[in-house]
Novice: 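One structure, pasted below without further comment.
Counting starts at 1 for both ligands and their atoms, following the listed order. This is a predicted model, so every value here is computed, not measured. Quick note: residue numbers are just sequence positions, from 1. For the numbers below, each heavy atom of this structure counts, side chains included, while hydrogens, waters and symmetry mates do not.
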Amino acid sequence: MRVKLVAGNWKMNGSLASNQGLLSAIIPAIAPFSRMKCAVCVPFPYLAQMRQMLGGSNIAWGAQDLCEFDNGAYTGGVSASMLADFGCRYVLVGHSERRGMFGESDEVVAVKFGKALAAGLTPILCIGETLAEREAGVTENTVARQIDAVIAHSGVKALGQAVVAYEPVWAIGTGKTATTEQAQMVHAFIRGRVAAADEEVAAALPILYGGSVKAANSAQLFAMPDIDGGLIGGASLIADEFAVICRSAQPAD
Ligand code: 13P
């Protein structure tokens, strides 16, 4: 039985004061949920604040990116070991905004994934097709290529220490959610792709859905057999929305 995970991706939002307000509301709201996992992935400067405020809570924290190199002369970079130093459990790798706006290739994403694992972090590997790719009927080719790059670099067993997030690019921040059936089909395809290399790893692999998940649609999405939780953008910045999404990831009594 895979335990569901709900991870907030704050993207480039927040301030010390607004984070404090948001977390003060989220921490007690999530505290009773013992049968799901919750995390927030925040901008680098706020990791110290997460460690201070979330240490001792049932909310883990992580970053949204990491450098593909180890410590050294890489001005502006933030290494995997630095994230581990700040108590991160998770790090997003290959978010579509990184791939699309910052030119991250499948190969760079695969190297980052390997660096995260080597530092003891759990990478959340983000994959998904653009609208043009969906319309051209190549959704499966795209997600297969993205996952295969990681398997080629780190081996399929590495996915045993990771999380995959399927985020159709056309559903991110647009208010357009993939239908539960559309999402389930791609999730099942991803699991099948991994199963072809290792059935045990595939059966245990958490696959999150991301893209306009909100309180009003999370329960239906999370009820699908291959959807193991969500990666939440906009709605993770609203305490009540995020709490309802987390509650819907708790298995029924
Ligand atoms: P939204 O939930 O705002 O659509 O963002 C999804 C996302 O990109 C999470 O990583």
Novice: Test Trp10 against Gln64 for side chain to side chain donor-acceptor pair (under 3.5 Å), laying out the working first.
Specialist: CA-CA 9 Å; Trp10 289 4; Gln64 300 168 8; over 6 Å; no
Novice: Only one of Lys11, Arg98, Arg99 forms a salt bridge (charged side-chain N to carboxylate O under 4.0 Å, His left out) with Asp65, so which one is it?
Specialist: Arg98
Novice: One thing to verify: whether Arg134 and Glu129 come together as a salt bridge, which I'm taking to mean a side-chain N less than 4.0 angstrom from a carboxylate O.
Specialist: yes
Novice: Can you find a non-hydrogen atom of Ala235 under 4.0 Å from ligand 1?
Specialist: no
Novice: Gly211 near ligand 1, heavy-atom distance under 4.0 Å?
Specialist: yes
Novice: Does Gly210 reach ligand 1 with a nitrogen or oxygen that is under 3.5 Å from one of the ligand's nitrogen or oxygen atoms?
Specialist: no
Novice: Looking at ligand 1, would Ala171 count as a contact under a 4.0 Å heavy-atom criterion?
Specialist: yes
Novice: Give me the residue, atom name and distance of the protein heavy atom closest to atom 2 (O) of ligand 1.
Specialist: Gly233 N, 2.9 Å
Novice: Who's the nearest protein heavy-atom neighbour of atom 9 (C) of ligand 1, and how far?
Specialist: Glu167 OE2, 2.8 Å
Novice: So, regarding Ile172 and ligand 1 (criterion: nitrogen or oxygen to nitrogen or oxygen, under 3.5 Å), is there a contact or not?
Specialist: no
Novice: Return yes or no for this condition: an N or O of Gly234 is under 3.5 Å from an N or O of ligand 1.
Specialist: yes
Novice: Hey, is Lys11 one of the residues with a heavy atom under 4.0 angstrom from ligand 1?
Specialist: yes
